[in-house]
Amino acid sequence: MNFLDRLQSEVLVGDGAIGTMLYAKGVSLDANFEHLNLVRPELVLDLHQEYVAAGARVIETNSFGANYPKLHAIGLGNKVHDINLKGALLARRAAAGRDVFVAGSIGPLTKLKGEERDLGEGEILEIFRAQVTALAEGGVDLFILETFSDLRQIEIALQAAKETGLPVVANMAFGENSRIAGGIEAEAVAERLAAAGADVVGANCGAGPLEILRTVKRMGAVIELPIAAYPNSGFPEYVDGRYIYRATPEYFAGMAAEMVAVGAALVGGCCGTTPTHIMRIAEKVRGLKPVPRAPAPPAHAVESGGVQTGAGPGFLAGWGKEKIVTVELDPPKGLDCSKVLIGSRILKDAGADAINLAENPLARVRMGNIALASLIQKEVGIEVIVHITCRDRNLLGLQSDLMGASLLGIRSILAVTGDPASLGEQAGASSVFDLNSFTLIKLLNGLNGGVNALGNPIGSGTRFTIGAAFNPNTQRMDVQAGRLAKKVVNGACFAQTQPIYDVQRLDEMIEQTAHLDIPILPGILPLVSERNAEFLHNEVPGIIIPEEIRMRMRGKEKDEGVREGLAIAREFIAAVRERVGGFYLIPPFGRYEIAAELVKYIKG
C-alpha cells in the first residue's frame, strides 16, 4: 500500500529532529549537518535507525538545507547532488525490510551569499529541481517541504517536487495567531497549498505544540486533504552551554493525540524532539484512524494586502509645483549634536524641504539617527528623512525601532541595505542583514498597513513615506531600473540617487524610470578639491566622476576648489532642472553652508 493510501486508513507517525539530535551526539552547531551524509554517514544512519526503532513510520532524509545557496555559501555548491543522493540512500537503508516510508526533506532557500538581489522564480525552481531529482534518484517515497514562511516559494518547491510524480507534504512555519509573514492566515494558506497540488498540508516548527494544534485545526476545517503536524518541543533554553527543550515526551505525546483528534493524520516532531518523544507519540496514537472532517469555506481567511499608502506627501507636497530639495547631514561621532542642529536651521532658512540623516555611513559609528531626527524635527521644525539600514539590527530589532520611530513622529524613511561592517573601524563588529533593501521596504509597507513581519496587528499602523536608493552610475541602467521597479511594487514611493555628474547618464535614468511615476531626486555632491574628486571616483563605490570634471578640479584646493566644485554643481543643476522635480544634496564633509548656497540657487 502506498503512502497516501495508508494515510487514509491510519494515523502515521513521523520522526523527530535531526539537527537537535546530531548536536546532542557531539556535532558542532557550526558544522553543516547535511554534509555529514558524506563525511560521517554512520552517524546519520544510526539516527534514522533510532527513529525507526522508536516507532516512526515516516522518516526524513538529512537533506533539509542541502540546496545550492546554502551549500554554495560554504564551498559545497558542487555537492548538491551527492549530498541529497547519499541522504536518500542512508534513510532508505534504515527503512529496508521495515514498514517505513522515506520522505525527502526540503527546506526554504536563502539568498546567494554575497548577493543582495532576491532569486528569481526560475532560479528557485531550478534549485529545487536539482534537490528533488537527486532525492528521487535515491529512492524516496515522498517529499516533505518544511519550515517555509514564504508562500510563493513553497508553491515553487511544490511544483518541482510534483514533477517527480511522488506525493508531497507541504508544511509551513506559522507565527502567532496562525499567520505566516505578510499576515496570511492558516485557512488561506491551506487553500493555496491545496490549489497548488499538495497531497498533504500542515504546519511544522513554530512556537510549540499548542500553537501547532490551533493551526492544524484551522487548516483542517477548510480543506479535505490529509493534515500533517510537526511541532517543536516548545522553546529552547540555553543551559550550561547547550540548548535544552523543556516539553517532556509525555506532554508532547498528549498534544500529538489532540492534533489527531482535530484532524491530523501525520504527526511527528521538529526542533527539540528526540526518539523518546516519537516513541511516546507512537504509543499514544497506535491503531488510531484519521477522524472524519467536513470542511467548510473559511469565514475570515486573510491574504496580505497590496501597497499601503504612507503618511501623505510631507516634504513632497510641492512636487510638480516647485523644486523639492533634501540635504544630507551626518550625525556626530560623539554626543555633541549642536553642529547638526545649526546646519539644519541654516538649511531650513535657505529653503530646504527635508534633512536626510544617514545611519552609520561606511559602517562607522555615529549617533543614532532616529533620536537625532526627532530632536531636529522638534527644535528646528523641518522634516527629517531617516536612513535605515539592514546591517545593524536583526528583524526583531528593526521592527521595534521602526515602531519607536513612528511614535517619535518620524514620517519619512529611506530604506537601504547598508555598507558591510567589515568596511568600518570597529573590529569584531558583524553585519546582520536579516533583510535587504527590498524586504525592508516590504516590511515598512506592512507596518504602514498595520501588521508586523509575521502579519500580526500592531494597531492603526505607521504612516511612513518610504524611500529607496537608486544607483545611476552603472553600465546597465535597465537592471537598476528593474530593481527600482521591484522596490516600488514593495511599497517605495520616492527615490534618491547616488551622486551623479553626467547629464547624459541622468537623461538615460529618466527615460528608463519614467514608467514608475514616482519622485526621483538625483544626488548632487559638490566637489571641493582635486584630491576629493579623485578619492570619490576611485575609492567610493557607486560614484563615477567624468574625466572632464576631474580635469576641471586638477590642481584646485581649498577656497578655489570649493568655488570650482560649486560652479560644476550649478552647471549640472541648470542643465537638468527642467527635467527633474528636485534634488538631493550631499554636502562634502558636513559643510552645510555649501549646501545652503545650492538650495538658494535651486529655489531661486
Side-chain angles (χ1 to χ4, degrees), residues 7 10-27 29 33 43-64 91 94-95 98-103 105 107 144 146-147 169 171-174 200 202-217 227-239 242-288 290:
L7 212 55
E10 66 177 289
V11 173
L12 293 179
V13 177
D15 59 6
I18 289 182
T20 300
M21 290 302 300
L22 292 173
Y23 172 61
K25 292 176 182 292
V27 177
L29 288 175
F33 291 156
L43 190 65
V44 177
L45 178 61
D46 287 347
L47 179 56
H48 288 320
Q49 291 172 333
E50 287 180 43
Y51 278 124
V52 171
R57 292 298 171 258
V58 179
I59 61 172
E60 297 184 44
T61 57
N62 179 34
S63 57
F64 173 79
R98 311 236 186 185
D99 181 23
V100 173
F101 296 101
V102 173
S105 172
I144 293 184
E146 53 189 348
T147 324
V169 178
N171 287 340
M172 295 204 74
F174 290 82
V200 180
N204 80 292
C205 202
L210 184 58
E211 284 290 339
I212 293 286
L213 172 64
R214 294 165 177 160
T215 300
V216 297
K217 182 177 181 180
I227 301 296
Y230 280 72
N232 281 349
S233 183
F235 288 103
E237 182 179 349
Y238 194 67
V239 179
R242 300 179 76 85
Y243 288 97
I244 304 298
Y245 289 82
R246 292 296 187 186
T248 66
E250 289 71 23
Y251 171 81
F252 196 81
M255 294 299 295
E258 290 191 44
M259 294 172 201
V260 171
V262 300
L266 173 62
V267 290
C270 198
C271 304
T273 53
T274 68
T276 304
H277 290 81
I278 300 308
M279 181 184 298
R280 295 292 178 262
I281 292 175
E283 293 169 352
K284 202 82 170 178
V285 306
R286 183 177 290 121
L288 295 182

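One is the number of the first residue; the rest follow in order along the sequence.
In plain terms, the two heavy atoms of A264 and V11 that are nearest each other are O-CG2, 4.2 Å. Nearest heavy-atom pair, V216 versus A229, reported as atom, atom and distance to 0.1 Å: CG1-CB, 3.9 Å. Contact between K284 and A253 at its shortest, heavy atoms only, is CG-O, 3.8 Å. Shown here for A203 and I212, the closest heavy-atom pair between the two residues is CB-CD1, 3.7 Å. In this structure, C270 and N232 approach most closely via the heavy-atom pair CB-OD1, 3.4 Å. The minimum heavy-atom distance between H277 and T248, with the atom names listed, is NE2-C, 4.0 Å.
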Give the intermediate values and the outcome of side chain to side chain contact (heavy atoms under 4.5 Å, CB included) for residues I18 and F64. CA-CA 9 Å; I18 289 182; F64 173 79; over 6 Å; no
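Using a 4.5 Å heavy-atom threshold, the side chains of F33 and V44 count as separate.
Distance check, rounded to the nearest 0.5 Å: CD of E211 to CZ of F174 gives 11.0 Å. With rounding to the nearest 0.5 Å, the separation of CD1 in I278 from CD in E283 is 11.5 Å. Summarising the geometry, atom OH belonging to Y230 is positioned 11.5 Å from atom OG1 belonging to T147; distances are rounded to the nearest 0.5 Å. T276 contributes atom OG1, which lies 9.0 Å from atom CD of E250 (distance to the nearest 0.5 angstrom). How far CE of M21 is from CG of N62: 13.0 Å, rounded to the nearest 0.5 Å. Interatomic distance, E146 CD to N204 CG, rounded to the nearest 0.5 Å: 5.5 Å.
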Please list, one pair per line, the donor and acceptor atoms closer than 3.5 Å that link side chains of residues 47-59 to other protein atoms, with sequence neighbours excluded.
| unit_1 | atom_1 | unit_2 | atom_2 | d |
| --- | --- | --- | --- | --- |
| E50 | OE2 | K25 | NZ | 2.6 |
| Y51 | OH | A17 | N | 3.1 |
| Y51 | OH | A17 | O | 2.6 |
| Y51 | OH | T273 | O | 3.2 |

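In this view, D15 satisfies the side-chain hydrogen bond (donor to acceptor under 3.5 Å, both in side chains) rule with no residue, not counting sequence neighbours.
For S105 (side chain) and S63 (main-chain N/O), no donor-acceptor pair under 3.5 Å exists by modelled atom type.
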